[in-house]
Amino acid sequence: MLEITEGDFQRLVHFVKQNYGIDLSKKKQLITGRLSNTIISMGFTTFQQYVDYLLKNKKPEDLELMLNKLTTNYTYFMREKVHFDLFKDTILPWLEKTKTNKVLSIWSAGCSSGEEPYTISMILKEYFGAKASAWDTRVLATDISQNALTAAQNAVYDEASLKELPPGWKSKYFRSAGEPGLYTISPEIKSNVIFRTFNLMNPIQFRLKFDVIFCRNVMIYFDQDTKNALVNRFYNASNPGGYLLIGHSESLNKESTPYNYLNPATYRKAE
């Protein structure tokens, strides 16, 4: 494994924080562990050569590879199920009652390989049933990683990622992907998700304000100032009464956040 000097470590940390909001200041061991083989495979013999090359050229594919190596997050369908129960039992009945235009605005921010937005889409289908065609239930799913979005759009998953699905959902919403143990999403669920590349450090300027924002296990990579600024942008991009759902290992400062705290990892904008 390659060693990284303090100077090269700080240069890389500063660049990633400045451009992506990700705080790696306490992740020296993770950086050396996850990047060493990549650096060697690219033909470099030291971290200094790699950091020099990365910061000078800023090639999107090299930056993407680095981010994927440092932030890859294991996920699966129905992860942190309590949020999906809240979505089905509380949020959707409220939206059905209040959205007179029958347009829902739901964002999966940091969607990774697609399990979260597809789970949301399946719940919407289950909830609205025969009425679904009368509603615009399309889910916006964004990620900074083009690799993650490509995987999400390909929508091929193994048995392990389907293990938490409710009974019957696998046969209802999945098809064989052509190889044993691999499955793909049914067209009706797949077509209900819109994928876009988006850096959460950028201004949020989508066409609609949001009724629900899922941003779970993304802000674990951000320091407090970056997180506060992002939450304020989420708040300004939310409709009155809109929900923000974050990962259960995450929390917001109840004193400084403009959202009202409801439950662990669950926040709401005042109606």
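Just the heavy atoms: all of them, side chains too, but no hydrogens, waters or symmetry mates, feed the values below. Just so it is clear, the structure is predicted and the values come from calculations on it, not from any experiment.
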**Fill in**
From the list Thr142, Leu140, Ile144, side chain to side chain contact (heavy atoms under 4.5 Å, CB included) with Phe198 holds only for Thr142
**Message:** Restricting to salt bridge (charged side-chain N to carboxylate O under 4.0 Å, His left out), what partner residues turn up for Lys170, sequence neighbours left out?
**Reply:** Glu159
**Message:** According to ring-ring contact (aromatic ring centres under 6.0 Å, His included), who are the partners of Phe77, at least two apart in sequence or on a separate chain?
**Reply:** Tyr157, Phe174
**For Lys209, all residues meeting salt bridge (charged side-chain N to carboxylate O under 4.0 Å, His left out), sequence neighbours excluded** = none
**Prompt:** Is Asn154 reaching over with its side chain to a backbone N or O of Val156, donor-acceptor style, under 3.5 angstrom?
**Reply:** no
Less than 3.5 Å apart, which donor and acceptor atoms pair up between the side chains of residues 54-62 and the rest of the protein, not counting sequence neighbours?
unit_1, atom_1, unit_2, atom_2, d
Asn57, ND2, Tyr53, O, 2.9
Asp62, OD2, Tyr53, OH, 2.6

**Request:** Please name all residues satisfying side chain to side chain donor-acceptor pair (under 3.5 Å) with Lys27, sequence neighbours left out, ordered by chain then number.
**Result:** none
**Item:** Residues in side chain to side chain contact (heavy atoms under 4.5 Å, CB included) contact with Thr257, at least two apart in sequence or another chain
**Value:** Val231, Leu252, Tyr259
**Request:** With sequence neighbours excluded, tell me which residues meet salt bridge (charged side-chain N to carboxylate O under 4.0 Å, His left out) with Lys227.
**Result:** none
**Partners passing side chain to side chain contact (heavy atoms under 4.5 Å, CB included) against Glu3 (at least two apart in sequence or in another chain)** = none
**Spacing of NZ belonging to Lys269 relative to CD1 belonging to Ile213, to within rounding of 0.5 Å** = 9.0 Å
**ring pair (Phe, Tyr, Trp, His ring centres under 6.0 Å), paired with Phe87, selected from Phe214, Tyr243, Tyr127** = Phe214
**Arg175: side chain to side chain contact (heavy atoms under 4.5 Å, CB included) partners, not counting sequence neighbours** = Thr184, Ser186
**Prompt:** Can we call the ring centroids of Tyr118 and Phe84 under 6.0 Å apart?
**Reply:** no
**Asked** Asn239 side chain to Gly241 main-chain N or O, any donor-acceptor pair under 3.5 Å?
**Response** no
**Request:** Answer yes or no: is there a side-chain heavy-atom contact under 4.5 Å between Glu6 and Lys28?
**Result:** yes
**Request:** Determine yes or no for a side-chain-to-main-chain donor-acceptor pair under 3.5 angstrom, with Glu80 supplying the side chain and Gly247 the backbone.
**Result:** no
**Message:** I'd like to check the salt bridge (charged side-chain N to carboxylate O under 4.0 Å, His left out) partners of Glu96; sequence neighbours left out, ordered by chain and number.
**Reply:** Lys131
**Message:** Assess whether a salt bridge exists between Arg216 and Glu116, defined as any Lys/Arg side-chain N lying under 4.0 Å from an Asp/Glu carboxylate O.
**Reply:** yes
**Request:** With sequence neighbours excluded, tell me which residues meet side chain to side chain contact (heavy atoms under 4.5 Å, CB included) with Ile22.
**Result:** Val16, Tyr20, Leu24, Leu67, Thr71, Tyr221, Phe222
**Message:** So which atom in Asp89 and which in Pro93 form the shortest heavy-atom distance, rounded to 0.1 Å?
**Reply:** O-CG, 3.3 Å
**Prompt:** Got more than 12 heavy atoms from elsewhere within 6.0 Å of CZ, Arg138?
**Reply:** no
**Prompt:** To the nearest 0.5 Å, what is the distance between OG (Ser25) and CG (Asp223)?
**Reply:** 7.5 Å
**Prompt:** How long is the span from the CE atom in Met42 to the CD atom in Gln49, to the nearest 0.5 Å?
**Reply:** 11.0 Å
**Request:** To the nearest 0.5 Å, tell me how far Ser41 OG sits from Leu35 CG.
**Result:** 10.0 Å
**Item:** Main-chain N/O of Gln153 paired with Lys190 side-chain donor or acceptor, under 3.5 Å
**Value:** yes
**Residues that, via side-chain heavy atoms closer than 4.5 angstrom, fall in one hydrophobic cluster with Leu208** = Val103
**Asked** Got a second to check how far Ile39's CD1 is from Arg34's CZ, nearest 0.5 Å?
**Response** 14.0 Å
**Prompt:** With side chains defined as the heavy atoms from C-beta onward, is the minimum distance between Ile123 and Leu92 less than 4.5 Å?
**Reply:** yes
**Item:** Flag side-chain contact, heavy atom, 4.5 Å: Asp52 against Arg11
**Value:** yes
**Request:** Please check if any side-chain donor atom of Glu188 sits under 3.5 Å from a side-chain acceptor atom of Asn192, or the reverse.
**Result:** no
**Asked** When rounded to the nearest 0.5 angstrom, what distance separates OG in Ser251 from OH in Tyr267?
**Response** 5.5 Å
**Request:** Mark yes or no for whether Asp143, through its side chain, and Ser112, through its backbone, hold a donor-acceptor pair below 3.5 Å.
**Result:** yes
**Prompt:** Hey, are the side chains of Asn232 and Pro258 touching, using non-hydrogen atoms and a 4.5 Å cut-off?
**Reply:** yes
